[in-house]
Amino acid sequence: MIDLRLLRENPGNYKAGAKAKNIPVDIDRILALDEDKRRLLTRIEHLRAEQNKIAKESGPLIGKLSGSLKQATGDEATRIQRELEELKARPAKLKAEISELEPQVAALEPQLQSLLLQVPLPPDADVPVGAGSESNVEIKRWSPPGFQLSKSFEENRGFKPKTHQELVRDLKLADFERGVKLAGTRSYVLTGMGMRLHMALLRYATDFMTDRHGFTPISVPVLVREEAMIGTGFFPAGREQAYHIAETQRRNPDAADDKGVGSHDLYLTGTGEVGLMGLHMNEILDEAQLPLRYVTVSTCFRREAGAAGKDTAGLYRIHQFDKVEQVVICKADEAESRAWHKKMIGFVEEILQSLEIPYRLLQCCTGDLGPKNADMVDIESWMPGRGQPDKDGRPQGDFGETHSASRLYDFQCRRLNMRYRAGAAGGKHETVFCHSLNNTVLASPRFLIPLLENHQQQDGSVRIPAALRPYLNGAEVVRSSVS
RNA sequence: GGAGGGGUGGCUGAGCGGUUGAAAGCAGCAGACUUGAAAUCUGCCAUGGGGCUUGUCCUCAUCAGGAGUUCGAAUCUCCUCCCCUCCGCCA
């Protein structure tokens, strides 16, 4: 959510921002609705002020007169009766006028609100302008010693790499057929060492953030209310990406009527960010509590609407996966926010380097940011089994997105109504919306792709990087499903 | 699933038709005392919106949310949501 006041002061900034992000929204309509609403509200408030004044004046009098009416008789009673009626009639006209104006405001309100929720956060000035991911800018590349990204996998390692689909099939780490039988396309089953590698990665990533960087590990619901989805900025724009549990549509088959028995609908979250950010929705935090540093591991659900035909094979684009996610909630300070962004990217680099996976950092361009980000850096891991085929029809290798680090200023916290009191609690300090940031720590099974493909060996086995071995009972190599 | 009890400021908690935007306590902030701290005392301490004469200004809304009754609602009525307790069922 953007600040309506800032929008009023500088609509051009928001128009330009929406244009750069390629998100259509009618800012002029918002300004018009806002103006109409304020005009009506001012009128109503004047009337109400009048009404309140009268009520304050005549209220106690009415009370007194009603009391004496009980004792009065004859003419006296009639006189009091008349006086009471007169007093009570005074605000009637005001009331009539108010009840005429109120529905007009009520009609404007939802329109304005729904439009406001669609206004994207303008990208920062230093974010490169571009239409989509093809305009993203590479800012860094890293590969482990002995592996050069300028050369092919074969030139580096002396043999042609298998794709992760082939590795997974040969080592029996996953079963796509049965996954699809159970749950349809984009579903899979991890088996044996496949499942163990998956769990080892998640556990390693969680421990890394907790033990090395002081993040608090938290479990959060993945089935949440609509509020949490809107608050975190995933709705309304991403509605079609989320699975929807329509509990309010539930019917009791034994009941005579067809009234819904579910109390409210729920949504499956596509990232742990929703739960972590939703935690402090509608709260006023103490400044001393900040920054909050949370890490969660959660199952993520994505409908992948609009991605039909894209990455249909293998573990890359799937409906359900597990992800370790980091979130920082800090003071409303741009420098601090930017510093955290860098740090959070650095944590991921450490993990990737410890796992000996080549990667690059991409500065996303305006068109690739999405509505809620001021800035976003994607981290792509090297996947030897991905990319365009060579003359023999084998993939030449390519980077694939495995992480995404977002900087949101107060966009999310404003929607979530999540503030802190500058200074300390209770004092005369104003409340301000917090800043928030989030970044993937590690998402699997997608991360199994670079892990298996980069560490495969000529004999078809896969070397386990040292950092992961403690989570696999010391195992150094994956040779089959069971070892 | 059955039966009850509740949702009030950062927190605890009173109020149950008439200056109650809300007692009291805790926490916090400022000051006094003190070499400093603690203790003590004094004062201040909800949020959001609108207006212009931008002021130690005026005003509206908010006691879970919505609708209603009333001259007047935190207080009464209805609906929705949420939480808790007991019983039943259950991983």
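Every chain is numbered from 1, with letters handed out A, B, ... down the list of sequences. FYI, side chains are in, hydrogens and waters are out, and symmetry mates aren't considered; it's all heavy atoms of this structure.
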Inset, instruction - Identify whether any heavy atom of A:Ile284 sits under 4.0 Å from a base atom; if not, whether one sits that close to sugar-phosphate; answer base, sugar-phosphate or nothing. - result: sugar-phosphate

Legend entry - Length of the line joining A:Met418:CE and B:U47:C1', which is rounded to integer Å: 17 Å

Legend entry - Atom C1', compared across B:C16 and B:C76: separation rounded to whole Å: 9 Å

Inset, instruction - Ignoring backbone atoms, test whether A:Thr431 places a side-chain nitrogen or oxygen under 4.0 Å from the OP1 or OP2 oxygen of B:G48. - result: yes

Legend entry - Between B:G51 (P) and A:Arg5 (CZ): distance, integer Å: 10 Å

Inset, instruction - Please evaluate the base of B:G49 for a donor-acceptor partner in the side chain of A:Glu45 within a cut-off of under 3.5 Å? - result: yes

Inset, instruction - Using only side-chain N and O atoms of A:Arg419, determine if any of them is under 4.0 Å from OP1 or OP2 of B:G48. - result: yes

Inset, instruction - For the pair A:Phe301 and A:Tyr243, name the ring-plane relationship: parallel under 30°, tilted 30 to 60°, perpendicular over 60°. - result: perpendicular

Legend entry - Between B:U77 and B:A22 - C1' atom distance, rounded Å: 23 Å

Inset, instruction - For A:Leu41 and B:C60, give me the distance from atom CG to atom C1', rounded to whole Å. - result: 8 Å

Inset, instruction - May I ask which nucleotide in the shown strands pairs with B:A73, Watson-Crick or G-U wobble, both distances under 3.5 Å? - result: none

Inset, instruction - Send over the distance from A:Asn417 CG to B:G65 P, rounded to a whole Å. - result: 13 Å

Inset, instruction - Could you measure between the two P atoms, the one in B:C11 and the one in B:G2, and give it in whole Å? - result: 33 Å

Legend entry - Nucleotide forming a Watson-Crick or wobble pair with B:G88, both distances under 3.5 Å: none

Inset, instruction - Searching all strands shown, indicate the nucleotide that pairs with B:C41 (Watson-Crick or G-U wobble; both distances under 3.5 Å). - result: B:G31

Inset, instruction - Give one of base, sugar-phosphate or nothing for A:Arg225, where a contact means two heavy atoms less than 4.0 Å apart. - result: sugar-phosphate

Legend entry - Pairwise C1' distance for B:C90 and B:G5, with rounding to whole Å: 25 Å

Inset, instruction - Give a yes or no on whether the backbone of A:Ser114 and the side-chain of A:Gln118 come within a donor-acceptor separation of less than 3.5 Å. - result: yes

Legend entry - Between P of B:G7 and CG of A:Asn282, the distance in whole Å: 19 Å

Inset, instruction - Return the value, rounded to whole Å, for the distance between atom NZ of A:Lys95 and atom C1' of B:A73. - result: 12 Å

Inset, instruction - Would you kindly check if the NZ (Lys) or CZ (Arg) of A:Arg407 is within the cone defined by 45 degrees around the ring axis of A:Tyr409 and under 6.0 Å from the six-membered ring centre? - result: yes

Legend entry - Any-strand Watson-Crick or G-U partner of B:G17, both distances under 3.5 Å: none

Legend entry - Distance between C1' atoms of B:C45 and B:C60 (Å, rounded): 23 Å

Inset, instruction - Would you kindly compare A:Arg48 and A:Phe433 by the position of their nearest RNA chain B nucleotide and give the one closer to the 5′ end? - result: A:Phe433

Legend entry - Whole-Å distance separating the CD atom of A:Glu50 from the P atom of B:U59: 12 Å

Inset, instruction - Using a strict cut-off of less than 4.0 Å between a Lys/Arg side-chain nitrogen and an Asp/Glu carboxylate oxygen, indicate whether A:Arg39 and A:Glu35 qualify as a salt bridge. - result: no

Legend entry - Spacing of the C1' atoms in B:A74 and B:A64 (rounded, Å): 12 Å

Legend entry - Over all atoms of both residues, closest heavy-atom pair of A:Ser436 and A:Cys413: CB-SG, 4.0 Å

Legend entry - Short side-chain N/O contact to B:C60 OP1/OP2 from A:Asn52, under 4.0 Å: yes

Legend entry - Complementary nucleotide of B:U62, counting Watson-Crick and G-U pairs under 3.5 Å: B:A46

Pairs under 3.5 angstrom only: tabulate donor-acceptor contacts from the side chains of residues 103-113 of chain A to other protein residues two or more places apart or in another chain.
| from | atom 1 | to | atom 2 | distance (Å) |
| --- | --- | --- | --- | --- |
| A:Glu109 | OE1 | A:Lys37 | NZ | 3.4 |
| A:Gln111 | OE1 | A:Arg29 | NH2 | 2.6 |
| A:Gln111 | NE2 | A:Ala107 | O | 3.2 |

Inset, instruction - Determine: side-chain N/O of A:Arg8 to OP1/OP2 of B:G50, distance under 4.0 Å, yes or no. - result: yes

Inset, instruction - Measure the distance from CG on A:Asp34 to P on B:G49 and round it to the nearest whole Å. - result: 12 Å

Inset, instruction - Report yes if a side-chain nitrogen or oxygen of A:His264 is closer than 4.0 Å to either non-bridging phosphate oxygen (OP1 or OP2) of B:C82; otherwise report no. - result: yes

Legend entry - B:G17 versus B:U75 - spacing of their C1' atoms, nearest Å: 6 Å

Inset, instruction - Determine the contact category for A:Arg414: base if any of its heavy atoms lies under 4.0 Å from a base atom, sugar-phosphate if only primed atoms, P, OP1 or OP2 are that close, otherwise nothing. - result: nothing

Inset, instruction - Specify whether A:His280 and A:Tyr294 have parallel, tilted or perpendicular ring planes, treating 30° as the upper limit for parallel and 60° as the lower limit for perpendicular. - result: parallel

Inset, instruction - Provide the distance between the two P atoms, one in B:C84 and one in B:C79, to the nearest whole Å. - result: 23 Å

Legend entry - Nucleotide of B:C82, B:G50, B:C60 approaching A:Ala49 most closely (side-chain heavy atoms): B:C60

